[in-house]
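Small disclaimer: the values here were computed from a predicted structure and weren't measured. In the text below, chain A, chain B and the rest are named by the order of the sequence lines, each starting its count at 1.
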Number of protein chains: 2
Amino acid sequence: MSIDAWDEIRTAYHVARLGTVSGAAEVLGVHHATVIRHIDALEKRLGTKLFQRHARGYTATEAGQDLMQVAQATDDQFTQLASRLKGRGDSVTGELVVTSIESLSPLLSPVLAEFQMANPGVTVRFVTGDRVFRLEYGEAHVAIRAGTAPNEPDNVVQRYATVQIALYASRKYLGDRVLPIPEDELPNEKFMGYENMDSRAPFYRWMEDKVPRHNIVMRGSDGRSLKHAIRAGIGLGFMQTWEASQYEDLVQVVEPKPEWAAPLWLVTHVDLHRTAKVQAILAHLKAAADSWTLV
Amino acid sequence: MSIDAWDEIRTAYHVARLGTVSGAAEVLGVHHATVIRHIDALEKRLGTKLFQRHARGYTATEAGQDLMQVAQATDDQFTQLASRLKGRGDSVTGELVVTSIESLSPLLSPVLAEFQMANPGVTVRFVTGDRVFRLEYGEAHVAIRAGTAPNEPDNVVQRYATVQIALYASRKYLGDRVLPIPEDELPNEKFMGYENMDSRAPFYRWMEDKVPRHNIVMRGSDGRSLKHAIRAGIGLGFMQTWEASQYEDLVQVVEPKPEWAAPLWLVTHVDLHRTAKVQAILAHLKAAADSWTLV
DNA sequence: ACAATTCTGTTCATGAGTGCACATCACAAA
DNA sequence: TTTGTGATGTGCACTCATGAACAGAATTGT
């Protein structure tokens with residue numbers, strides 16, 4: 001059975017500490033009648049006299065002194081807690097959880113690593129997965145979403161960068177073909193796509209639209225395996241321009257189309273958005289985006 | 001700067017523990033609106049978000065988890081305190097401070113020692129002194145007072161035993177005198193008295209009245225030295241009958257007079273009177289008095 | 001797909017707790 | 001002795017925190 005009158009204990013603590021009801025009332029910022037009532041209620045609740053009353057003030061009994069010691073410790077702990085929380089709100093320390101779809105991982109990882117090195121006090125956790133991590137359940141501080149603008153309530157959404165998408169193939173696949181390949185001949189090429197058909201990404205809808213089923217020769221569930229397949233020369237596949245540019249053996253078969261481009265969104269929960277830590281990572285992400293050449 | 005909203009912390013603790021406002025409200029026995037208000041107020045006070053709100057409930061942020069740990073410890077300590085105080089009210093343990101005038105020390109000491117052996121958990125402190133120890137300042141649990149009935153407020157006074165006083169002398173002083181000495185010849189004898197003249201004890205007023213100054217040959221500040229002086233044969237002196245009867249060499253010169261008798265009073269502070277410890281010592285003192293043969 | 005349940009969040013009337021004023025008492029100083 | 005100060009204690013008016021009711025939203029069960 002726990003005590004459900006912490007404020008009364010706090011009142012009793014100050015009375016025991018100062019020795020008088022009036023003094024405690026002044027410190028607590030309440031009327032001395034309130035202090036007396038708190039003491040009476042607490043003694044009734046505990047079934048023990050905590051103080052001996054006399055005209056010069058209240059002196060604590062053994063029980064009262066015991067309570068004072070416990071309350072003293074509590075007061076110290078609460079004070080420490082308060083300063084700790086105040087400091088935490090203004091400084092970037094502790095855990096920082098960032099989530100995004102898996103395909104943005106190679107883009108974001110170095111930025112996050114950079115952020116961690118700039119803020120040694122913070123532990124960055126970068127979680128990716130097929131399921132959407134929900135900010136409102138505290139699963140992450142920041143989410144980088146792609147596609148249509150998310151409009152969940154209680155989430156603050158900011159426009160971020162835009163990822164350009166183009167069609168790539170390896171030199172091995174192309175051989176000595178002349179580029180560019182005319183657009184109306186593209187459906188005859190072999191393609192690769194994602195495992196889950198319900199991907200609403202515009203470039204995949206373009207592919208499902210234009211390319212006959214039998215020419216989609218491979219599907220993968222993650223971007224890494226698709227990338228390897230393209231480089232192995234199985235066929236054409238969509239890639240982000242910045243990622244493809246890192247590989248010498250990949251050739252841009254079709255230039256990025258505006259309708260393929262995927263907008264990115266920075267999403268944070270409203271309860272965490274104003275904290276220094278979240279603001280810091282947002283600023284860092286934006287600064288990194290400025291140095292990107294995605295177009 | 002300490003926190004002055006312990007109840008709000010308690011509320012937040014239960015919210016963090018249970019995960020929902022409704023659940024916390026039920027445990028706390030308050031309306032869920034109250035819980036929401038407490039959380040909002042506490043977050044505003046601390047300047048930090050403690051929870052992320054969503055339709056399924058509240059999940060604690062890092063700050064909230066920190067608070068929960070501290071509050072958990074506090075709750076444990078308060079629970080322990082409560083059970084400790086409850087036990088203390090019903091059991092006779094800890095310190096027991098008894099005060100009386102110094103002259104009652106030989107009468108009470110063995111009784112208190114007996115009480116301590118019957119209650120091993122208690123530490124008896126028997127304080128005597130010329131100054132009156134005040135119960136209302138918590139200086140003692142029980143006082144044994146002599147003389148006129150004390151009527152301090154907030155003190156509960158009970159009639160105790162009556163100490164009989166008589167005039168004694170040693171055989172050495174009396175020699176082969178025939179007893180009793182006629183009352184009108186008593187002023188010619190040598191007397192001993194207390195140092196402080198303002199003693200309002202009736203037998204001393206009798207002495208100051210009847211005996212001329214030059215026959216009061218010695219004054220002492222404590223009973224022990226007077227007792228030794230009487231046994232050494234310096235003169236006559238007042239003693240309590242029960243104490244004098246323990247010494248073979250002392251002779252009762254004048255029988256105890258009713259007007260010399262000193263009534264004893266058991267005095268306790270009203271705030272402590274109902275505790276088991278005080279009740280136990282009072283019962284023990286009364287039982288000891290029943291076995292006395294003071295008359 | 002729809003209903004039921006279970007949360008949060010807000011508004012408004014009410015009552016418990018608070019503040020005020022005054023009485024009382026004890027101690028100290030003039 | 002008297003006066004002044006500073007403490008506890010108590011009745012009364014009032015305010016603020018609380019509780020009730022309702023609305024909205026999301027999840028769960030059928």
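Summarising the geometry, the separation between CG on A:D7 and P on D:dA17 is reported as 12 Å, rounded to the nearest angstrom. Rounded to an integer number of Å, the gap from B:R10 CZ to D:dA17 P is 19 Å. In this entry the distance linking CZ of A:R56 with P of D:dT8 reads 11 Å, nearest Å. Here the P atom of nucleotide D:dT10 and the NE2 atom of A:H31 are 14 Å apart, to the nearest Å. For the pair B:H32 NE2 and D:dG24 P, the interatomic distance rounds to 15 Å; values are reported in whole Å.
Residues A:G29 and B:V21 each lie close to DNA chain C; by heavy-atom proximity, the contact nearer the 5' end of the strand is made by B:V21. The residue among A:A55 and A:A33 whose nearest nucleotide of DNA chain D lies closer to the 5′ end is A:A55.
With salt bridges taken as basic N to acidic carboxylate O contacts below 4.0 Å, none links B:E8 and A:R10. A salt bridge between A:E43 and B:R274 is absent, with no side-chain N of the basic residue lying under 4.0 Å from a carboxylate O of the acidic one.
Distance OG1/B:T61 to CG/B:L67: 9.0 Å, rounded to 0.5 Å. Summarising the geometry, atom NZ belonging to B:K49 is positioned 9.5 Å from atom NE2 belonging to A:H269; distances are rounded to the nearest 0.5 Å. Note that the OG1 atom of A:T99 and the CG atom of A:L104 stand 10.0 Å from one another [nearest 0.5 Å].
Using cut-offs of 30° and 60° on the angle between ring planes, the pair A:F51 and A:Y58 is tilted.
If you check the side chains of A:R159 and A:T162, you find a donor sitting under 3.5 Å from an acceptor.
Note on A:T20: only backbone sugar-phosphate atoms sit closer than 4.0 angstrom, heavy atoms only; bases stay farther off. As judged by a 4.0 angstrom heavy-atom cut-off over every strand, B:T34 is placed among residues touching the sugar-phosphate backbone only.
For DNA chain D, the residues of residues 35-54 of chain B within the heavy-atom distance limit of 4.0 Å (strictly under) are B:R37, B:H38, sorted by number.
What you find for B:I101 and B:T128 is that their closest heavy atoms are O-CG2, 4.2 Å.
B:D66 places no side-chain N or O within donor-acceptor distance of the main-chain N or O of A:L85, the cut-off being under 3.5 Å.
Nucleotides of DNA chain C with any atom under 4.0 Å from a heavy atom of chain A span, from 5' to 3', C:dT18 to C:dC27.
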